[in-house]
Amino acid sequence: MTEFATRQIQAGYVVGTPQNSAVPPIYQTAAFEFASLADAADLFALRTTGNLYSRNASPTQQVLEERVAALEGGTSAVAVASGQAAVAVTLLALAGRSGHVVAANQLYGGTVDLLQDTFDDFGIGVTFVDQDDPDAWRAAVTPRTRALFAESVANPVAQVLDIRLVADIAHGAGVPLVIDNTVGTPHLVRPGEHGADFVVHSATKFLSGHGTSLGGVVVDVGAFDFGADPERWPQFTGPYKRFGDLVLWERFGLGQSFAALVKSKYVHDLGPSLSPFNAWQILQGVETLDLRVSRQSATALRIAQHLQTHPAVAKVNHPGLAGNPWHPLAQRYLPRGVPSVFSFDLAGVVGQSEEEAQLRAARVIDALRVARLVANIGDARTLVAHPASMTHSHLNAQQREAAGISHATIRFSAGLEDPADLIADLDQALARL
Ligand SMILES: Cc1ncc(COP(=O)(O)O)c(C=O)c1O
């Protein structure tokens with residue numbers, strides 16, 4: 001269907017109510033009335049699909065699911081309460097009982113917490129690897145492995161993943177590649193076009209763009225064939241006991257079975273449902289995704305170029321800059337622009353302790369007046385953070401180093417303000433050093 005800018009405004013919604021609402025309505029209801037008991041029984045048994053109870057699905061949420069699936073070029077999607085929930089239900093559904101995941105070192109700190117702490121409690125193994133080392137990905141795969149996981153563009157260092165390379169390794173091992181495309185956004189990169197099988201988002205960030213609402217989405221690209229190796233994927237190809245031994249792969253097939261499992265089991269049982277109001281808020285943001293992301297990208301690049309020549313800055317981690325180690329991958333995967341989340345390391349910390357480096361960072365951050373100190377990204381407002389003491393503070397020193405973060409690193413998420421104001425703001429704050 002149509003081009004990206006049309007899809008972000010129209011996909012997933014056909015005016016279908018007697019009220020002819022031009023904008024998708026908020027169906028703020030916990031439950032739905034059934035036409036008859038027979039209809040209710042069919043819905044409960046998965047013999048038919050439809051609205052039953054808003055923990056499992058709601059019409060506003062479904063518009064969002066179809067819209068994000070259309071933007072990522074996928075066949076189905078599940079929207080949940082947060083990006084964290086999207087990552088969790090996706091990997092739980094794939095890993096099954098005592099599975100194993102190979103994940104990049106360069107992940108959002110909350111995802112690292114989930115994988116190394118909660119997944120460990122659940123008996124799901126995780127091996128972390130340097131995402132730029134193909135041999136490490138291959139070596140980490142075991143017979144228990146059920147997914148490879150990475151971010152298309154990691155934060156705060158903005159490493160660009162060679163998606164095709166890691167997808168080929170995953171497929172060689174018979175498992176899907178799951179990509180967190182929160183920072184990348186489907187406007188700049190669509191991982192499914194490069195071999196990824198599932199794409200997750202924190203919709204809290206760029207998809208919303210207004211910073212008002214939490215949400216998450218996972219998209220099935222519709223390419224991974226669970227039926228090709230039925231013994232490895234009993235959750236899709238074997239009997240689903242609670243539904244009278246229904247086989248999801250037979251009932252829903254390629255591109256739909258994953259969403260059916262995630263909704264009927266993980267969202268149903270664990271309950272991380274997206275509220276209709278938040279789904280609606282995220283839809284408002286999606287309508288302007290390409291415009292916002294393009295402008296934020298251009299602003300970020302301009303600021304990165306400015307910081308590169310600033311004497312108070314030792315290093316700028318922005319793959320749009322020639323000489324950045326991920327510049328060639330950015331040229332290949334991000335022809336429409338590099339994401340607006342990047343970071344820079346302050347100068348003058350060589351030989352200093354972590355505490356001293358953090359004090360320097362605090363002097364700059366606390367002096368900023370236009371950019372705001374907030375633990376979020378992808379907002380219309382420009383936001384800064386200090387990853388070592390905020391988003392990535394649970395990582396040990398080794399993990400932080402592997403992710404490319406030091407106590408002198410400041411993360412910058414360029415918003416929609418005038419770039420000249422942002423540059424002047426940074427200059428006056430850096431002058432405090
Ligand atoms: C790349 C990435 N993935 C996932 C998440 C988690 O999303 P949420 O905060 O919506 O739960 C975040 C949040 O910062 C993120 O940056």
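In each ligand, atom 1 is the first atom listed, and ligand 1 is the first ligand listed. Remember, predicted model here, so these are calculated numbers, not experimental data. What's counted below: heavy atoms across the whole structure, side chains too, no hydrogens, waters or symmetry copies.
Remark: L291 engages no residue in a side-chain contact (heavy atoms from CB on, under 4.5 Å) (not counting sequence neighbours).
With hydrogens and angles ignored, the 3.5 Å screen pairs a side-chain donor or acceptor of S54 with a backbone N or O of T29.
The 4.0 Å heavy-atom shell around ligand 1 contains residues S82, G83, Q84, Y108, E151, N155, D180, T182, S202, T204, K205, G215, I377, ordered by chain and number.
Under the side chain to side chain donor-acceptor pair (under 3.5 Å) criterion, no residue pair touches residues 358-371, with sequence neighbours excluded. Within the structure, side chain to side chain donor-acceptor pair (under 3.5 Å) contacts touching residues 267-279 (residues at least two apart or in different chains) are N56-H268, R242-D269.
In this structure, K263 and A77 approach most closely via the heavy-atom pair CE-O, 4.2 Å.
Taking the six-membered ring for Trp and thresholds of 30 and 60 degrees, F4 and H187 have ring planes inclined between 30 and 60 degrees apart.
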